[in-house]
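Taking it in order: structure first as structure tokens, then the write-up.
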Amino acid sequence: MKKDHILIIRFSALGDVAMLVPVVYSLAHQYPDVRITVLSRSYARPFFDELAPNVGFMEADLKREYHGIKGLNALFRRLAAKQFTHVADMHSVLRSEFLRMRFNLGSYKVAHINKHRKGRKRLTASVNKQLIQQPTPFQNYADVLARLGYPIEPEFHSIFPDEGGDLSLLPENAQLSTLNTQLNIGIAPFAAHEGKIYPPQLMQQVIELLTKKYPEANIFLFGKGEREDKQFTEWCSLYKQCVYVKQHLETIKQELILMSHLDVMLSMDSANMHLASLVATPVVSVWGATHPYAGFMGWNQGTENAIQVPLPCRPCSIYGQKPCRRGDYACMNRIAPSTIVEHVVQIISNKNV
């Protein structure tokens, strides 16, 4: 009898793929005789390579090798050769829908994600807004598997053992060498869209308060890009406790190892919240244009550490990409730096009890 082999498709942004990990882990452990292959972009490989013995990973370069209809047909032929029995489209965009159409023509069991667009539209409406919790991507992913005949119970904790990732895989560095002996705070202050970024001048006040409260702590700054380069270089020159992670680590896997040894991560509604969640690090998250009700809280993160200001216009978008209706980003500017620091201190205090 042919062994079941599930293809799981999810391209998209880093955070969306990271949210797939707890679901794939649960599937793999509850159905150990089923083969699972995750199809995504190359950056996602560290999430799945060592997740479980029955989980494999395939990367697809959609911009070059598999670009356009010709490329997608070539990708389908490559996938068809793997003899999958089930196909889970966890993305449901034009590219994955094309692949899904091809699979539907064959003898495959195929299911795709429900993004609950109507509920999200009501959540972000400018009038008659309905602040109702939407299903999380974790639940949406699990629903797809259930429709394929594989219901799961979530059981994921971390991609690493309880003691965290292997520090020997990090480069030798004086600032990294104190990870086991000092307090370690991570800060990821930027995001893809302005509506999800706490103003840098206010974040600098947060950093100053933390350095005064914990003068011996390491403060690791996460993020990559021109804006990060400029801001992080300035902060590192002002505060000796700050470490610009990009200057020391080269891969996502190394960043995950570092995150697993943090006492707390301070993040926006962004990918770094989800990366820290995958290694069981508590997160203080700051929400502006977006809202936890959209379903994108990090895995096992509590809403008590989701900092937000109640405004009638919030949330104005699911992903934070729309311009501020008020024009002043009050959703971020009205959050006091001291409020953020209080949440960070509370997590650190609870860990030391």
Side-chain angles (χ1 to χ4, degrees), residues 3-60 62 75 79 82-93 95-96 99-100 103 108-115 135-162 165 252-253 255-257 259-260 271-281 295-301:
K3 188 175 185 179
D4 282 359
H5 188 179
I6 303 174
L7 171 65
I8 296 178
I9 303 171
R10 180 79 216 205
F11 303 118
S12 192
L14 183 62
D16 295 314
V17 179
M19 296 179 83
L20 185 60
V21 172
V23 176
V24 173
Y25 177 91
S26 301
L27 174 68
H29 281 256
Q30 290 163 32
Y31 299 94
D33 295 330
V34 174
R35 292 180 62 195
I36 303 160
T37 296
V38 177
L39 176 69
S40 188
R41 301 179 190 270
S42 59
Y43 63 71
R45 182 176 292 279
F47 299 153
F48 302 100
D49 260 354
E50 300 176 12
L51 193 63
N54 54 331
V55 174
F57 182 82
M58 289 179 64
E59 61 184 67
L62 300 177
L75 177 57
L79 294 170
K82 301 291 184 179
Q83 297 187 314
F84 296 106
T85 57
H86 299 68
V87 178
D89 177 5
M90 304 296 201
H91 201 174
S92 201
V93 293
R95 292 187 180 99
S96 64
L99 294 173
R100 197 170 80 220
F103 281 115
Y108 304 90
K109 294 181 180 179
V110 182
H112 66 278
I113 192 170
N114 179 353
K115 295 183 178 179
T136 68
F138 307 115
Q139 184 60 56
N140 292 338
Y141 295 153
D143 288 346
V144 176
L145 296 176
R147 289 196 293 274
L148 289 176
Y150 289 99
I152 63 168
E153 290 293 331
E155 59 174 278
F156 177 78
H157 178 64
S158 171
I159 61 173
F160 295 130
D162 290 342
I252 289 179
K253 183 171 183 178
E255 290 193 19
L256 288 166
I257 291 172
M259 286 184 188
S260 71
N272 281 294
M273 171 179 62
H274 298 295
L275 298 185
S277 300
L278 293 186
V279 296
T281 293
F296 292 95
M297 276 291 293
W299 178 258
N300 277 346
Q301 301 296 338

Residue of the set Asn300, Val279, Thr281 for which side-chain contact (heavy atoms from CB on, under 4.5 Å) holds with Ser158: Val279
Donor-acceptor contact present, side-chain Glu59 to main-chain Arg45, <3.5 Å: no
Side chains of Asn114 and Asn140, heavy atoms from C-beta outward: is any pair under 4.5 Å? no
Shortest non-hydrogen contact between Ala18 and Leu278, atoms and distance: O-CD2, 3.5 Å
If I take atom CG from residue Leu79 and atom CG from residue Leu39, how far apart are they, to the nearest 0.5 angstrom? 5.5 Å
Can any side-chain N or O of Arg41 pair as donor or acceptor with the backbone N or O of Leu62 at less than 3.5 Å? no
For His91, does its backbone N or O pair with a side-chain atom of Lys115 as donor and acceptor, under 3.5 Å? yes
Once rounded to the nearest 0.5 Å, what's the spacing between atom CD1 of Ile113 and atom CG of Leu145? 10.0 Å
Could you state the interatomic distance from CD (Gln83) to OG1 (Thr85), rounded to the nearest 0.5 Å? 10.0 Å
What's the separation between atom CD1 in Ile9 and atom CE in Met58, rounded to the nearest 0.5 Å? 10.0 Å
Would you mind telling me which of Arg10, Arg100, Arg147, Lys109 makes a salt bridge (Lys or Arg N to Asp or Glu O under 4.0 Å) with Asp89? Arg100
Kindly indicate whether the side chain of Val87, heavy atoms from C-beta on, has any atom under 4.5 Å from the side chain of Leu99. no
Could you state the interatomic distance from CD (Glu155) to CG (Leu27), rounded to the nearest 0.5 Å? 10.0 Å
Does a donor on one side chain and an acceptor on the other come within less than 3.5 Å for Arg35 and Thr37? no
When you check the side-chain N and O atoms of Tyr150 and Asp4, is any donor under 3.5 Å from an acceptor? yes
Closest non-hydrogen contact found for Leu256 with Phe160 is O-CE1, 3.5 Å
In this structure, which one of Trp299, Phe138, Phe156 forms a ring-ring contact (aromatic ring centres under 6.0 Å, His included) with Tyr25? Phe156
Give me the atom names and distance for the closest heavy-atom approach of Ser277 to Gly298. OG-CA, 3.5 Å
Please name the pair of heavy atoms, one in Pro154 and one in Ser26, separated by the smallest distance, quoted to 0.1 Å. CA-OG, 3.5 Å
Close side-chain approach of Ser42 and Phe57, heavy atoms under 4.5 Å: no
Please evaluate residues Val17 and Val38 with respect to the criterion side-chain contact (heavy atoms from CB on, under 4.5 Å), reporting the C-alpha separation (whole Å), side-chain torsions for both, the decisive distance (0.1 Å), and the verdict. CA-CA 10 Å; Val17 179; Val38 177; 5.7 Å; no
Taking the side chain as every heavy atom from C-beta outward, state whether Met259 and Asn272 have any pair of such atoms under 4.5 Å apart. yes
I need the Asp143 CG to Met90 CE distance, nearest 0.5 Å. 9.5 Å
Sub-4.5 Å side-chain heavy-atom contact between Tyr31 and Ile6: no
